[in-house]
Peer 1: 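The structure under discussion is supplied below as structure tokens; questions concerning it will follow.
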Amino acid sequence: MNRALQTLVDRGFIKACTDWDALSALMDKESVTFYVGADPTGKSLHIGHMVPFFAMHHLQLAGHNPIALVGGGTAMIGDPSGKTELRKMLTPEEVASNCASIKEQLGTVVDFSEVPEPGVGKAVMLNNADWLTNLNYIDFLREIGRHFSVNRMLTFESYKARLERGLSFIEFNYQLLQSYDFLTLYRDHGCRLQIGGDDQWGNIVAGIDLIRKTESAECYGLTFNLIARSDGQKMGKSEKGAVFLDPTLFSPYDFYQYWRNVNDEDAIRFLKLFTFLPLDEIAQYEKEGVNVNDAKARLAYEQTAIIHGVEEAEKARTAAQAMFGSANLGSEGRDGMPTLELEKERLEAGIPVLELFSMTDLAATNSDARRLVNGGGAWIGDAKIGDPKSVIDLSYLDEFGELLLRAGKKRYFRVVVK
RNA sequence: GGAGAGGUUCCCGAGCGGCCAAAGGGGGCAGACUGUAAAUCUGUUGGUUACACCUUCGAAGGUUCGAAUCCUUCUCUCUCCA
């Protein structure tokens, strides 16, 4: 099998391919242009969206040319695949602004530079709004719509599920538009391969069929396993909500912690999928007697470095080591921690604990803080706060002149007095 | 267009005149146990100047001493028929 293809198989990406032999042969022969679609439904991607783009990274390194297609046009519609409800429609302005931030985020794993390194594929980003928004309805039906059989579409799992609950006509069109995307990319950019999540299988196959009918050309599809955590939780969801890539929505420290806390069974699998470490290096962590926690720490570091940069990864790691390791909470460990600044006068006058905690992310409201204190989970430095009426003043400052608030064992917040 | 069913707290889902800030489950948070894991057990889960008060049961009115519960209008969703 083709080397690049084999890499994806070995790292655990692949679920299915429309034609292994033909695709492998094609990739051996030439640089293949391929694409992945991303829907700009939010202002930030979360890690669950990233799987196809990590795969894109590997293929790009092998010399194939990625197209990251932002669905500025299709986002106006909504894909019924995998959804149980009609998703809300976005305004054109929202879509445009989302597209811009998504491009930036994808830059962390895909190299969009004008002149890539020798041997590395050339990547571009396109937006299907460019060809979808001005489509003429009648022309579209005559050229594209006639190739689609409703009977066939209804047999697709993604539509079947929705028929139970109701499926609007607008969503029913999604497959046609995505197929048209593939056709357009084939015509204008010579794109031969579409990759995507397993939920996209139906849409990808439909696109391949359309190209075969209209252009008499053979294109290919490759789908990835939907990555789920071993506890059944959806990837990218955490108690804090979705694990967004945008540091203002999900801090690099929390991001690091998310990976540091994955289940034992997921550690190796995720190292293969979500880092660029060579497989033989990952294999070291699978050996007998190796502490799983080392693998998790490596995973957290590598993943944070990819998304947020080496500097943030270092900070998050140092902070984590300081807090959970044997080392005392040195000042250098605190940089990566979420921080709040507080005027010295306010502390001098004394602040009720509940108010102090609710000012941080540790508690949402005073009531929330009260529950935390009553439950015995509220700490300042080494002192457990057991009385909700406690007032915090200068005497609580530690040797660094700061307050280190803690909720439970894992959630820290640093208060700097100025 | 016609007939019916329904919109309850983060989610699912009970409640159908006062004992309802609203059962139960899920999820979340905290405690115990641990390895910053999983599983398990316990507590907690609208807000506040907290043994009380305030705001919540699709929206707006109304009936009642008293409404998530009854009436009216509006709105949205689903099912069946055309």
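Just so we're on the same page: letters track the sequence lines, and every chain starts at 1. Just so it is clear, the model here is predicted, and its values are computed rather than measured.
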Peer 1: Determine the interatomic distance between P on B:rU8 and the same-named atom on B:rU55; round to the nearest Å.
Peer 2: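 Rounded to whole Å, the distance is 22 Å.
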
Peer 1: Please give the nucleotide sitting opposite B:rA37 as a Watson-Crick or G-U wobble pair, both distances under 3.5 Å, or none.
Peer 2: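 Base-paired to nothing in any strand shown.
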
Peer 1: Sticking with atom P, work out how far B:rG24 lies from B:rU79, rounded to a whole angstrom.
Peer 2: 32 Å

Peer 1: What pairs with A:Tyr186 under ring-ring contact (aromatic ring centres under 6.0 Å, His included), at least two apart in sequence or on another chain?
Peer 2: none

Peer 1: Both distances below 3.5 Å, Watson-Crick or wobble geometry, any strand: find the nucleotide opposite B:rC19.
Peer 2: none

Peer 1: Tell me: CG of A:Asn263 to C1' of B:rU36, nearest whole Å?
Peer 2: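 It works out to 13 Å between those atoms.
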
Peer 1: On a plain distance test, is the side chain of A:Asp264 in donor-acceptor contact with the base of B:rG35 below 3.5 Å?
Peer 2: yes

Peer 1: Surrounding CZ of A:Arg187 (heavy atoms of other residues, nucleotides or ligands, distance under 6.0 Å), is the total greater than 12?
Peer 2: yes

Peer 1: Could you work out the separation of B:rA38 and B:rG31 based on their P atoms and round it to a whole Å?
Peer 2: 14 Å

Peer 1: Answer yes or no: is there an ion pair linking A:Asp209 with A:Arg212, defined by an N-O contact shorter than 4.0 Å?
Peer 2: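 Salt bridge flag = yes for A:Arg212 with A:Asp209.
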
Peer 1: Quick one: which of A:Glu281, A:Lys287, A:Glu286 gives a side-chain hydrogen bond (donor to acceptor under 3.5 Å, both in side chains) with A:Gln284?
Peer 2: A:Lys287

Peer 1: Identify the nucleotide, in any strand shown, that forms a Watson-Crick or G-U wobble pair with B:rU63, with both distances under 3.5 Å; if there is none, say none.
Peer 2: none

Peer 1: Applying side chain to side chain contact (heavy atoms under 4.5 Å, CB included), name anything that partners A:Arg371, two or more places apart in sequence or on another chain.
Peer 2: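 A:Arg371 satisfies side chain to side chain contact (heavy atoms under 4.5 Å, CB included) with A:Ser367, A:Asp368 once adjacent residues are dropped.
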
Peer 1: Using a 4.0 Å cut-off on protein heavy atoms (strictly under), produce a 5'-to-3' string for nucleotides 46-52 of chain B with B for base contact, S for backbone-only sugar-phosphate contact, and - for none.
Peer 2: -SBSB--

Peer 1: Any side-chain to backbone donor/acceptor pair from A:Arg406 onto A:Gly408? Under 3.5 Å, distance only.
Peer 2: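 Between the backbone of A:Gly408 and the side chain of A:Arg406 there is a qualifying donor-acceptor contact (under 3.5 Å).
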
Peer 1: Under 6.0 Å between the ring centres of A:Phe413 and A:Phe357?
Peer 2: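 Centroid distance A:Phe413-A:Phe357: not below 6.0 Å, so no.
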
Peer 1: Partner lookup for B:rU79, please. Criteria are Watson-Crick or G-U wobble with both distances under 3.5 angstrom; report none if nothing qualifies.
Peer 2: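 Per the H-bond distance test, B:rA3.
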
Peer 1: Considering only side-chain heavy atoms of A:Lys409, which listed nucleotide, B:rU36, B:rA37, B:rC33, is closest?
Peer 2: B:rC33

Peer 1: If each of A:Gly377 and A:Lys410 is mapped to the nucleotide of RNA chain B with the nearest heavy atom, which maps nearer the 5' terminus, i.e. the 5' end?
Peer 2: A:Gly377

Peer 1: Going by the glycosidic torsion and a 90 degree boundary from 0, is the base of B:rC51 oriented syn or anti?
Peer 2: syn

Peer 1: Any strand is fair game: report the nucleotide pairing with B:rA52 by Watson-Crick or G-U wobble, both distances under 3.5 Å, or none.
Peer 2: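 Looking at the geometry, B:rA52 pairs with B:rU48.
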
Peer 1: Distance check needed: B:rA37 P versus A:Arg260 CZ, whole Å only.
Peer 2: 8 Å

Peer 1: Please give, in whole Å, the distance from B:rG43 P to A:Asn374 CG?
Peer 2: 15 Å

Peer 1: State the pairing partner of B:rG43; accept Watson-Crick or G-U wobble contacts with both distances under 3.5 Å, and report none otherwise.
Peer 2: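 Checking every strand shown, B:rG43 finds its partner in B:rC29, with both distances under 3.5 Å.
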
Peer 1: Hey, which of A:Tyr256, A:Phe255, A:Phe250, A:Tyr253 is the one that makes side-chain contact (heavy atoms from CB on, under 4.5 Å) with A:His308?
Peer 2: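 In the set A:Tyr256, A:Phe255, A:Phe250, A:Tyr253, the residue that makes a side-chain contact (heavy atoms from CB on, under 4.5 Å) with A:His308 is A:Phe255.
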
Peer 1: Using atom C1' in both nucleotides, what's the gap between B:rU9 and B:rG58 to the nearest angstrom?
Peer 2: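 Those two atoms are separated by 14 Å.
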
Peer 1: Rounded to the nearest angstrom, tell me the gap between atom CG in A:Asn293 and atom C1' in B:rU34.
Peer 2: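 Nearest whole value for this atom pair: 11 Å.
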
Peer 1: With rounding to the closest Å, how many angstrom separate the P atoms on B:rC19 and B:rA30?
Peer 2: 33 Å

Peer 1: Would you mind reading off the distance between A:Arg406 atom CZ and B:rA30 atom P, rounded to a whole angstrom?
Peer 2: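 These atoms are roughly 11 Å apart.
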
Peer 1: Check the distance between B:rA37's C1' and A:Asp294's CG and give it to me in whole angstrom.
Peer 2: 13 Å

Peer 1: Rounded to the Å, how far apart are A:Tyr285 OH and B:rG35 P?
Peer 2: 21 Å

Peer 1: Considering only atom P, compute the distance from B:rU73 to B:rA22 and round it to an integer number of Å.
Peer 2: 33 Å

Peer 1: What nucleotide, of B:rC33, B:rU36, B:rG35, holds the atom closest to the side chain of A:Lys296?
Peer 2: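 Selected nucleotide (nearest to the side chain): B:rG35.
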
Peer 1: When the C1' atoms of B:rC74 and B:rC51 are compared, how many Å lie between them, rounded to an integer?
Peer 2: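 It works out to 42 Å between them.
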
Peer 1: I want to know whether A:His64 and A:Phe34 have ring centres closer than 6.0 Å.
Peer 2: no

Peer 1: Within this structure, what is the OH-to-P distance between A:Tyr258 and B:rG28, rounded to whole angstrom?
Peer 2: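 From A:Tyr258 OH to B:rG28 P: 12 Å.
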
Peer 1: Would you indicate what A:Ala363 reaches in the nucleic acid, counting non-hydrogen atoms under 4.0 angstrom: base, sugar-phosphate, or nothing?
Peer 2: nothing

Peer 1: Using the P atom in both, what is the distance from B:rG13 to B:rU48, to the nearest Å?
Peer 2: 30 Å

